[in-house]
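Quantities reported herein were computed from a predicted structural model and do not represent experimental measurements.
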Amino acid sequence: MNDALLTTSLGEIPLTARGKVRDLYAIGDELVFIATDRISAFDHVLGSGIPDKGKILTQLSHFWFELLTDTVPNHLLAEPSPKLLKLLAPFESQITGRSMIVKRAEMFPVECVVRGYISGSGWKDYLATGSVCGIELPKGLRESEKLPEPIFTPAAKINTGGHDENISYAAMVETIGPDYAAELKRLSFAIYAKASAHAASKGLILADTKFEFGLVDGKIVLADEVLTPDSSRYWPASEYAPGGAQPSFDKQFVRDYLESVRWNKQAPAPALSEEVIEKTREKYLEAFRLVTGKAGLAADR
Ligand code: Q0Z
């Protein structure tokens, strides 16, 4: 039985944005982020969801925000206003365990990516140019190899569902100014250092991760989701083997299945088999248990 939540609707509460996986609602300066159970692969949202995926990722974000409280302030609201609570009450089943009520921020139009390992678009850029975002890297790196030190590789957000575009730090400075650029870079490295050390203690490599920041009352806050498998590459340290792409911690069964059915990677994306859905759900739960040390999801929050 697949009881995945694929789409949300909150009556009169206006939908502000629908991402591939998340739905965002807003009432004044309060935003309601809902992580659905949608899953994407090869740039498409698939025909099946993964039951509880949104709850798992939301609760992972909560865990990381808490671990990072001394490193960076975040956009979480201590408690929703009585007005919002009342509006949300009829929609509890779509919200419980999978939502974040956050403060409206003025978002910086850059993605802040930190890479400790060379993979994904970083590897592509390195192969083509020997550098990533204008950062020259040592010659002869192998795919997925650990970098001598983590690098900050910002990207410009592309609105139309396209891929973000890697940009130089100089371009980021042009976009948001030198002071904000320097502070976002400093924070990104500090967060990556703390998070990758925690992940390592749990047998996981945090290969790379993407942060979004915004301003609330003129102060920089960490926004969006943080350090989830949708925004980060996690690899099991025990299976790490540089010299090629690493299997995806969470989506490998999905990718293998989509290859096996010879999907042409054009819409509509196929549904998944029950077996692939269940095995993938187990992978998300495994990531949650490893990272948080908790046995399972909280029933509420
Ligand atoms: C995040 C996104 C989603 C689609 C806007 N605190 C904030 N204040 C203002 N805006 C945002 C945030 Cl986090 C914000 N996104 C990304 C999320 C669906 C796009 F759930 N867009």
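- Using modelled atom types, one side-chain atom of Arg98 and one backbone atom of Ala35 make a donor-acceptor pair closer than 3.5 Å.
- A salt bridge does not link Lys53 with Asp250: every distance from a Lys NZ or Arg NE/NH1/NH2 to an Asp or Glu carboxylate oxygen is 4.0 Å or more.
- Leu215 and Met172 fall within a single hydrophobic cluster, where Ile, Leu, Val, Met, Phe, Trp and Tyr side chains are chained together by heavy-atom contacts under 4.5 Å.
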Legend entry - Test log, rule salt bridge (Lys or Arg N to Asp or Glu O under 4.0 Å), inputs Asp29 and Lys103: CA-CA 6 Å; Asp29 280 348; Lys103 286 174 255 191; over 6 Å; no
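- Summarising the geometry, atom CG belonging to Asp230 is positioned 5.0 Å from atom CG belonging to Leu57; distances are rounded to the nearest 0.5 Å.
- The environment of Lys194 atom NZ is dense: over 12 non-hydrogen atoms of other residues, nucleotides or ligands sit within 6.0 angstrom.
- Ring geometry for His44 versus Trp263: interplanar angle over 60°, hence perpendicular rather than tilted (30 to 60°).
- Taking 4.0 Å as the cut-off between side-chain N and carboxylate O, Glu212 and Lys157 count as a salt-bridged pair.
- With respect to the salt-bridge test (charged N to carboxylate O, under 4.0 angstrom), the residues Glu286 and Lys283 qualify.
- Glu259 has a carboxylate O that lies under 4.0 Å from a charged side-chain N of Lys265, or vice versa, which qualifies the two as a salt bridge.
- Ile95 CD1 to Ile101 CD1: the interatomic distance, rounded to the nearest 0.5 Å, is 6.5 Å.
- Using a 4.5 Å cut-off on side-chain heavy atoms (C-beta onward), Trp235 and Phe249 make no contact.
- Remark: Lys185 is positioned above the aromatic ring of Tyr169, its terminal NZ or CZ atom under 6.0 angstrom from the ring centre and at most 45 degrees off the axis.
- In this model, a donor atom of one side chain and an acceptor atom of the other lie less than 3.5 Å apart for Glu225 and Thr228.
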Inset, instruction - Verify ring-ring contact (aromatic ring centres under 6.0 Å, His included) between His75 and Phe213, making sure each step is shown before the conclusion. - result: CA-CA 9 Å; His75 67 158; Phe213 296 92; over 10 Å; no
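- Counting heavy atoms of neighbouring residues, nucleotides and ligands inside a 6.0 Å radius, atom CD of Gln252 exceeds 12 of them.
- Looking at Ser81 and Glu30, their side chains do bring a donor and an acceptor atom within 3.5 Å of each other.
- Val102 and Val21 are members of different hydrophobic clusters when ILVMFWY side chains are connected at heavy-atom separations under 4.5 Å.
- Ser121 and Asn166 share a side-chain donor-acceptor pair at under 3.5 Å.
- Checked by atom type and distance alone, the side chain of Tyr126 pairs as donor or acceptor with a backbone atom of Pro138 at under 3.5 Å.
- Counting only distance, with no hydrogens or angles, the side chain of Arg115 and the backbone of Ala207 share no donor-acceptor pair below 3.5 Å.
- Counting only N and O atoms by type, the side chains of Arg233 and Ser248 include no donor and acceptor under 3.5 Å apart.
- A continuous path of hydrophobic side-chain contacts links Ile118 to Leu127 [ILVMFWY only; heavy atoms under 4.5 Å].
- For Lys279 and Glu282, the salt-bridge test fails: no basic side-chain N is under 4.0 Å from an acidic carboxylate O.
- Atom CG of Leu60 and atom OG of Ser232 lie 9.0 Å apart (nearest 0.5 Å).
- Without hydrogens or angle criteria, Asp217 side chain to Lys219 main chain gives no donor-acceptor distance under 3.5 Å.
- Going from atom OG1 of Thr8 over to atom CG of Asp23 covers 3.5 Å, rounded to the nearest 0.5 Å.
- Separating the CZ atom in Phe65 from the CG atom in Asn74 is a distance of 5.0 Å, to the nearest 0.5 Å.
- Less than 6.0 angstrom separates the ring centroid of Tyr240 from the ring centroid of Tyr117.
- The OH atom of Tyr25 lies 10.5 Å from the CG atom of Leu88; values are rounded to the nearest 0.5 Å.
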